[in-house]
Structure formats: structure tokens, C-alpha cells
Amino acid sequence: MPAVFLNDRSLLLVSGAEAQSFLQNLITTDITSLGADEARPGALLTPQGKILFDFMIWQDGDGYMIETDAGQRDGLLKRLTMYKLRAAVTLATSTEEGVTVSWSEDAEGSQGVRDSQGVRDSQGVRDSQGVRDSQGVRDSRFAKAGVTLIRRPGKHGDGNEALYDALRISHGIVTSGSDFALQDAFPHDVLMDFNGGLSFRKGCYVGQEVVSRMQHRGTARRRVVTVSAATALPETGTEITAGGKPVGALGSVEGGSGLAIVRIDRAGAAMAAGTPLLAGETPVSLVLPAWSGLVFPTSGDEASA
């Protein structure tokens with residue numbers, strides 16, 4: 001089981017009698033339905049509905065642990081403190097540094113945590129002796145793709161980070177910084193409407209009106225795709241074009257595979273017309289993540305799930 005330490009991840013702990021209601025009224029994730037051993041993606045949005053901070057969140061005792069990029073931690077803490085006012089909430093940074101991610105060797109076909117007899121374990125993450133590991137949580141983004149990936153605070157492995165990046169890329173799972181810029185992307189752009197990070201059923205939160213309108217009107221056009229080429233892809237940020245017109249830009253890249261956020265209406269029209277897609281000068285193929293259920297629209301039709 002590969003175990004990769006991500007030293008660029010930091011942790012915040014939100015606790016107190018009103019921790020749940022405090023976060024529920026601020027972030028995109030419905031934390032009232034969060035499983036005991038589940039980590040879900042989430043975001044704090046701008047009033048205009050764009051991602052200001054992104055993170056993973058899970059239950060931690062009577063509170064919640066928020067895992068975010070180390071470069072975002074202090075800004076996120078400051079923003080949450082601004083919203084705190086008189087709420088019975090305590091905000092603190094964790095003493096743990098970094099996060100370790102681990103997954104099974106057969107990640108392509110993994111369907112969940114299973115015991116030695118192949119029976120699915122719905123009671124939580126367990127070690128090789130079947131003892132529940134309260135420090136490990138399942139990443140719901142990978143679970144959508146049929147992969148059991150465990151996140152655990154601190155350093156518990158020394159695998160090459162490129163292994164984790166390759167896994168992310170193969171399943172269409174993006175990260176801010178490498179794949180999109182904060183305050184530039186909507187939650188729909190990064191598939192949060194499909195990966196459990198965006199709720200349309202709970203009450204109001206910052207930016208909720210904008211993302212709800214996008215959902216009900218079906219106006220989302222920018223989506224995450226996996227990118228592949230017969231040769232090595234050019235560097236992150238390289239423009240993807242169809243017939244000389246921009247479609248999107250490369251994000252994470254590992255050899256001949258990568259991620260991008262593209263206008264799927266433009267990409268779909270180009271593919272339907274047989275127009276080559278290029279990343280710089282390199283011919284590429286684009287595929288929408290299977291777990292999203294999305295298809296490329298053609299002739300101006302909307303994407304559908």
C-alpha cells in the first residue's frame with residue numbers, strides 16, 4: 001500500500017458547542033451528513049460564488065478537522081475568525097504537520113475498505129488486525145471513483161509524491177494551485193457538485209445563491225477533464241486550443257497524462273467536427289471523469305449527467 005507524505009498540507013481544528021452550526025452556515029459542504037470516518041471536500045466562497053479557500057473536512061471528536069494547503073492556512077484561519085463573532089467556537093491550528101495519504105495497490109478497481117474475506121467494512125478504517133484506526137479517514141472524492149484512499153495527519157510514509165499526483169490525475173481529482181487559481185474557479189468548475197463538496201439542500205452559506213443558480217439553470221460550462229498525449233505533455237499552464245481558439249489550460253502534468261479545466265461546450269463541438277485539440281503544439285485527447293457522469297455537449301447542447 002503506497003503511503004505518501006504531503007508536507008504542503010496544514011490542519012485547523014474547529015471545536016466548541018456551536019462548531020457544527022458555525023461551519024454549516026459558512027462552507028459549501030453539508031457537514032450534518034458527514035460520516036464518522038469520511039473526509040469530504042469543501043470550500044469557503046466569495047459572495048460572488050468563487051472558491052476563496054478549498055479544503056478537506058472531517059469529524060474530530062466533538063469538532064471538525066480542516067485540511068488545507070499550507071499557504072492557505074493562515075488566511076483561512078483569519079477569515080473564519082472574522083465570521084466567528086460571539087459563536088461558541090474555538091479555532092486553532094493543529095500541532096500535526098502535513099498529511100499522509102495511502103491507498104491499495106489495485107486502486108483502479110478498489111471499491112472500498114474490505115476485510116480478509118472480501119467483505120466491505122462499513123464501520124470505519126481498520127488496520128491489518130481489524131482494529132479501527134481513528135486517525136485515518138476515507139477521502140470521498142476518490143471513493144466516487146471507486147478508490148479507497150486514506151488521509152491521516154502527520155508523517156506515516158515516505159512514498160514519492162509523484163505516485164499520488166498520478167493517481168489524482170488518472171481519476172480527475174484536482175487541487176488548487178496546480179489545477180486552478182483561487183478566486184478564479186466556481187465549485188462546478190472543479191466538479192464539487194459531483195464529489196460531495198457542494199450541497200444544494202442545506203440552508204444559506206456564503207456564495208450559495210450564485211452556485212444554486214448555476215445548478216438550476218445548468219449554466220456550468222467549465223469542467224475538469226483528464227488529458228492524454230502520445231508524448232510528454234508541455235508544462236502546467238499551457239493553453240489548450242481547438243482550431244486556434246482557446247478551450248482551457250493544462251493543470252497538473254505527469255508525463256503524457258494531465259488534468260485541465262476546459263470549456264466542454266467548445267471541446268465537444270471540436271471533437272464532433274473532427275477538429276484537433278492541442279496543448280501548445282502537442283495533440284491531446286480529453287476525457288471527462290467517468291464518476292461524474294458528464295458527457296461532452298455538441299452543437300451548443302448542454303452537458304448532461
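These values consider heavy atoms only, across backbone and side chains, with no hydrogens, waters or symmetry-generated copies.
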**OP:** Calculate, to the nearest 0.5 Å, the distance between atoms CD1 and CH2 belonging to Ile150 and Trp103 respectively.
**Re:** 12.0 Å

Subject >> Atom pair CG/CG of Leu80 and Leu26 - distance to nearest 0.5 Å >> reply: 6.5 Å

Original post:
Should Val147 and Leu6 be regarded as members of a common hydrophobic cluster, given that ILVMFWY residues are connected when their side-chain heavy atoms come within less than 4.5 Å of each other, either directly or indirectly?
Top reply: yes

Subject >> Glu161 atom CD, neighbour heavy-atom count above 12 within 6.0 Å >> reply: yes

Subject >> Flag, side chain of Ser140 to backbone of Ala39, donor-acceptor distance under 3.5 Å >> reply: yes

Original post:
Donor-acceptor pair, Ser199 side chain versus Lys202 backbone, under 3.5 Å?
Top reply: yes

Original post:
Quick one: are Leu259 and Val227 in side-chain contact, heavy atoms under 4.5 Å?
Top reply: no

Subject >> Check: Phe142 and Arg168 side chains under 4.5 Å, non-hydrogen atoms >> reply: yes

Original post:
Which distance, rounded to the nearest 0.5 Å, do you find between the CZ of Phe22 and the CG of Leu91?
Top reply: 5.5 Å

Original post:
Taking atom CG of Leu233 and atom OG1 of Thr282, what is their separation to the nearest 0.5 Å?
Top reply: 6.5 Å

Original post:
Do Phe55 and Asp69 touch side chain to side chain, with heavy atoms closer than 4.5 Å?
Top reply: no

Original post:
Could you give the distance from CZ (Phe53) to OG1 (Thr46), rounded to the nearest 0.5 Å?
Top reply: 11.0 Å

Original post:
Distance from Ser176 atom OG to Asp184 atom CG, nearest 0.5 Å?
Top reply: 12.0 Å

Original post:
So, for Gly172 and Pro289, which heavy atoms are closest and what is the spacing to 0.1 Å?
Top reply: CA-CG, 4.0 Å

**OP:** Indicate whether any N or O donor in one side chain lies under 3.5 Å from an N or O acceptor in the other, for Asn7 and Glu97.
**Re:** no

**OP:** Could you pull out the closest heavy-atom pair between Val190 and Asn195, with the gap in Å?
**Re:** O-ND2, 4.1 Å

Original post:
Taking side chain as C-beta onward, heavy atoms only, is Gln183 less than 4.5 Å from Ile51?
Top reply: no

Subject >> Exercise: do Asp179 and Ser252 side chains pair donor with acceptor under 3.5 Å >> reply: yes

**OP:** Please name the pair of heavy atoms, one in Ser178 and one in Thr236, separated by the smallest distance, quoted to 0.1 Å.
**Re:** O-CG2, 3.6 Å

Original post:
Checking side chain to side chain contact (heavy atoms under 4.5 Å, CB included) for the pair Val99/Leu11: CA distance, chi angles, key distance, verdict?
Top reply: CA-CA 9 Å; Val99 168; Leu11 299 160; 4.1 Å; yes

**OP:** Report yes if some heavy atom in the side chain of Ser257 is under 4.5 Å from a heavy atom in the side chain of Ser170; otherwise report no.
**Re:** no

**OP:** Return yes if some donor-acceptor pair links the side-chain N/O of Ser212 with the main-chain N/O of Glu209 below 3.5 Å, else return no.
**Re:** no

Subject >> Derivation of the side chain to side chain contact (heavy atoms under 4.5 Å, CB included) call for Thr241 and Leu278 >> reply: CA-CA 5 Å; Thr241 60; Leu278 303 173; 3.9 Å; yes

Original post:
Do the non-hydrogen side-chain atoms of Pro187 and Val211 ever get within less than 4.5 Å of each other?
Top reply: yes

Original post:
Donor-acceptor pair, Thr100 side chain versus Pro153 backbone, under 3.5 Å?
Top reply: no

**OP:** Check whether any side-chain heavy atom of Phe186 lies under 4.5 Å from a side-chain heavy atom of Leu45, and answer yes or no.
**Re:** no

Original post:
More than 12 foreign heavy atoms under 6.0 Å from CD of Glu239: is that the case here?
Top reply: yes

**OP:** Taking atom CG of Asn160 as the centre, report whether more than 12 heavy atoms of other residues, nucleotides or ligands fall under 6.0 Å from it.
**Re:** yes

Subject >> Over all atoms of both residues, closest heavy-atom pair of Val225 and Phe296 >> reply: CG1-CZ, 3.9 Å

Subject >> Passing option when Asp139 is tested against Arg40, Arg151, Lys144 for salt bridge (Lys or Arg N to Asp or Glu O under 4.0 Å) >> reply: Arg151

Original post:
Would the number of heavy atoms belonging to other residues, nucleotides or ligands and lying under 6.0 Å from NZ of Lys155 be above 12?
Top reply: no

Original post:
Run the salt bridge (charged side-chain N to carboxylate O under 4.0 Å, His left out) check on Arg9 and Glu67 step by step: do they pass?
Top reply: CA-CA 7 Å; Arg9 306 297 288 176; Glu67 174 203 328; 2.7 Å; yes

**OP:** Could you check Gln215, Arg222, Arg223 and say which one makes a side chain to side chain donor-acceptor pair (under 3.5 Å) with His188?
**Re:** Gln215

Subject >> Check: Val224 and Asp189 side chains under 4.5 Å, non-hydrogen atoms >> reply: no

Subject >> For Gln20 against Ile31, the heavy-atom pair lying closest together >> reply: O-CD1, 3.5 Å

Subject >> Pro2 backbone acceptor or donor facing Ser102 side chain under 3.5 Å >> reply: no

**OP:** List the steps and the verdict of side chain to side chain contact (heavy atoms under 4.5 Å, CB included) for Asn25 and Tyr205.
**Re:** CA-CA 5 Å; Asn25 293 330; Tyr205 51 88; 5.9 Å; no

**OP:** State whether a side-chain donor-acceptor pair under 3.5 Å links Gln72 with Asp54.
**Re:** yes

Original post:
If you take all heavy atoms of Arg141 and Pro41, which pair is closest and at what distance?
Top reply: CG-CG, 3.7 Å

**OP:** In sequence, state the C-alpha distance, the side-chain angles, and the governing distance for Trp58 and Ile66, and then conclude on side chain to side chain contact (heavy atoms under 4.5 Å, CB included).
**Re:** CA-CA 7 Å; Trp58 62 85; Ile66 294 177; over 6 Å; no

